[in-house]
Amino acid sequence: MKTLSDQAIGTAHGKLILIGEHAVVYNEPAIAFPFPAAPVEVRIEKITGQTVLTSTYFQGRLKDIPEALTNLSMLIHTVCQDLNQSVNGLHITISSKIPPERGMGSSAAVATAVTRALYSLCERELTDSQLLTYVDLSEKIAHGNPSGLDARVTSSASPIYFKKGSHFKPLDLNLEGYLIAADTGVKGQTRLAVEGVARQMKDNPVSTKKIIQAIGQLSDKAKAAVETNQIEQLGLLLSKAHLYLKQLQVSSRQLDQLVDAALASNALGAKLTGGGRGGCMIALAKTQKQAEAIASDLMKNGAAQTWIHALGENRHD
Ligand code: MEV
């Protein structure tokens, strides 16, 4: 975070859920990685007149912000009020490399970067717990019933093992391998997917609880695999998790197609990541060369974009 007298910058990054999405909403564990290849920077400058927002999604006065960004407007008003900072006279520029609505934590990362920039502008210290309170508030408006996982991992430098309601733990990573992420190019629908699972839980509580608990058990096995560098085992666990997510009806034709393509390209495992119903999938490879071959096959099978992430680079010392 950088401070000048009349301007400030706040940053954050996207995230990838390795395993445990959806189940984490029901108090099961999940593992997620910060994804620095997808950063967000928010720059705030003092100006005269009304506050304006510049972003790829919306450009204009804060008071004219579209309903889809109510979370952001509410966040800015709340943080400014707490800081005794006027909500007028700011130019807020959001530059994001996180594809929006793709399950990469775009809304939580923007909320994190905005909060950090406002605190920096007012030269006030922001504690981790204050930051999480603000981002949770914004995420509740954006997604209805968030677990809090996105809020925590988009501001964390380390991979985390997270269970709702408990303190999250940085994960000791001892993994040699590569994670390939691919975007279907189709907007994900986190809110609808989370609501769909809630409906399934209401209509078929016994079978849905079983699926959720099974995903939680896979997350715990994945934690052990991550900590002991068992990448083949981790791959199998990811593929199993995808089958359960399909049963929860949060996958899509495009996601299944990319998962199948990755497995046909000798990925060690593959699954959707994030809310699903569009958005992104991930696959696992042992070497960079294999990861590049998988990424290339994913592009041939309709991926809009791919990323390769060396897992060892997230080592937590
Ligand atoms: C969304 O990135 C992850 C979900 O598990 C929802 C949540 O944890 O809030 C689907």
Side-chain angles (χ1 to χ4, degrees), residues 12-35 38 40 71 96 98-112 132-156 159-169 179 181-184 186-201 208-209 211-220 222-223 238 241-242 244-252 255 271-282 307:
H13 46 253
K15 64 102 210 307
L16 287 175
I17 297 181
L18 183 69
I19 195 160
E21 51 274 270
H22 288 289
V24 69
V25 175
Y26 298 91
N27 304 319
E28 295 293 340
I31 298 171
F33 288 85
F35 195 48
V40 180
N71 61 318
S96 176
I98 310 179
E101 298 176 60
R102 300 296 208 285
M104 279 200 182
S106 169
S107 58
V110 169
T112 296
L132 290 177
T133 305
Y134 288 125
V135 182
D136 280 341
L137 165 92
S138 167
E139 286 289 276
K140 268 196 189 106
I141 300 166
H143 296 311
N145 182 24
S147 65
L149 175 62
D150 289 13
R152 277 137 192 90
V153 74
T154 54
S155 55
S156 165
I160 63 171
Y161 172 85
F162 174 74
K163 220 171 167 176
K164 198 171 162 182
S166 5
H167 190 67
F168 69 92
K169 296 188 187 95
L179 198 65
D183 181 5
T184 57
V186 179
K187 281 186 180 171
Q189 301 171 21
T190 301
R191 176 185 268 273
L192 291 181
V194 171
E195 284 171 3
V197 175
R199 222 171 11 254
Q200 214 169 309
M201 185 63 101
T208 309
K209 254 185 216 148
I211 300 172
I212 295 284
Q213 282 167 357
I215 296 177
Q217 283 163 10
L218 292 178
S219 295
D220 272 330
K223 178 173 182 280
L238 297 192
H242 185 71
Y244 284 123
L245 290 166
K246 271 174 88 163
Q247 288 180 33
L248 290 178
Q249 295 172 38
V250 295
S251 192
S252 69
L255 283 166
K271 64 182 273 295
L272 70 84
T273 183
R277 294 203 180 175
C280 293
M281 54 78 67
I282 53 171
W307 299 260

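Counting convention: from 1, in listed order, for ligands and their atoms alike.
Each of the atoms 5 (O), 8 (O) of ligand 1 lies under 4.0 Å from some heavy atom of Val24. Heavy-atom proximity to His22, at under 4.0 Å, picks out these atoms of ligand 1: 4 (C), 5 (O), 10 (C). Atoms of ligand 1 lying under 4.0 Å from any heavy atom of Glu21, numbered from 1 in the order shown and given with element: 5 (O). Near Ile17, meaning under 4.0 Å from any of its heavy atoms, are these atoms of ligand 1: 2 (O), 3 (C). Within the listing of ligand 1, atoms 9 (O) sit less than 4.0 angstrom from a heavy atom of Pro146.
Between Glu21 and Lys271 there is a salt bridge, since at least one side-chain N of the basic residue sits less than 4.0 Å from a carboxylate O of the acidic one. One finds no salt bridge joining Glu195 and Arg199 here, because no Lys/Arg side-chain nitrogen approaches an Asp/Glu carboxylate oxygen to under 4.0 Å. For the pair Lys163 and Asp220, the salt-bridge criterion is not met [side-chain N within less than 4.0 Å of a carboxylate O].
Proximity of Gly275 to ligand 1 is established by a heavy-atom distance of less than 4.0 Å.
Residue Val250 does not touch ligand 1, judged by heavy-atom distances below 4.0 Å. Of all the heavy atoms of Glu139, none lies under 4.0 Å from any atom of ligand 1, so neither backbone nor side chain is involved.
Relative to the six-membered ring of Tyr161, Lys223 meets both conditions, a distance below 6.0 Å and an angle of at most 45° to the axis.
Contact detail for Leu18 and Ile282: the closest heavy-atom pair is O-CD1, 3.7 Å.
Regarding atom 6 (C) of ligand 1, its nearest protein heavy-atom neighbour is Val25 CG2, 3.8 Å. Atom 7 (C) of ligand 1 has as its closest protein heavy atom Ser147 OG, 3.3 Å.
Using a 3.5 Å distance cut-off with no hydrogens or angles, the side chains of Ser106 and Glu101 do not pair a donor with an acceptor.
Below 3.5 Å of separation, one finds an N or O of Lys15 facing an N or O of ligand 1.
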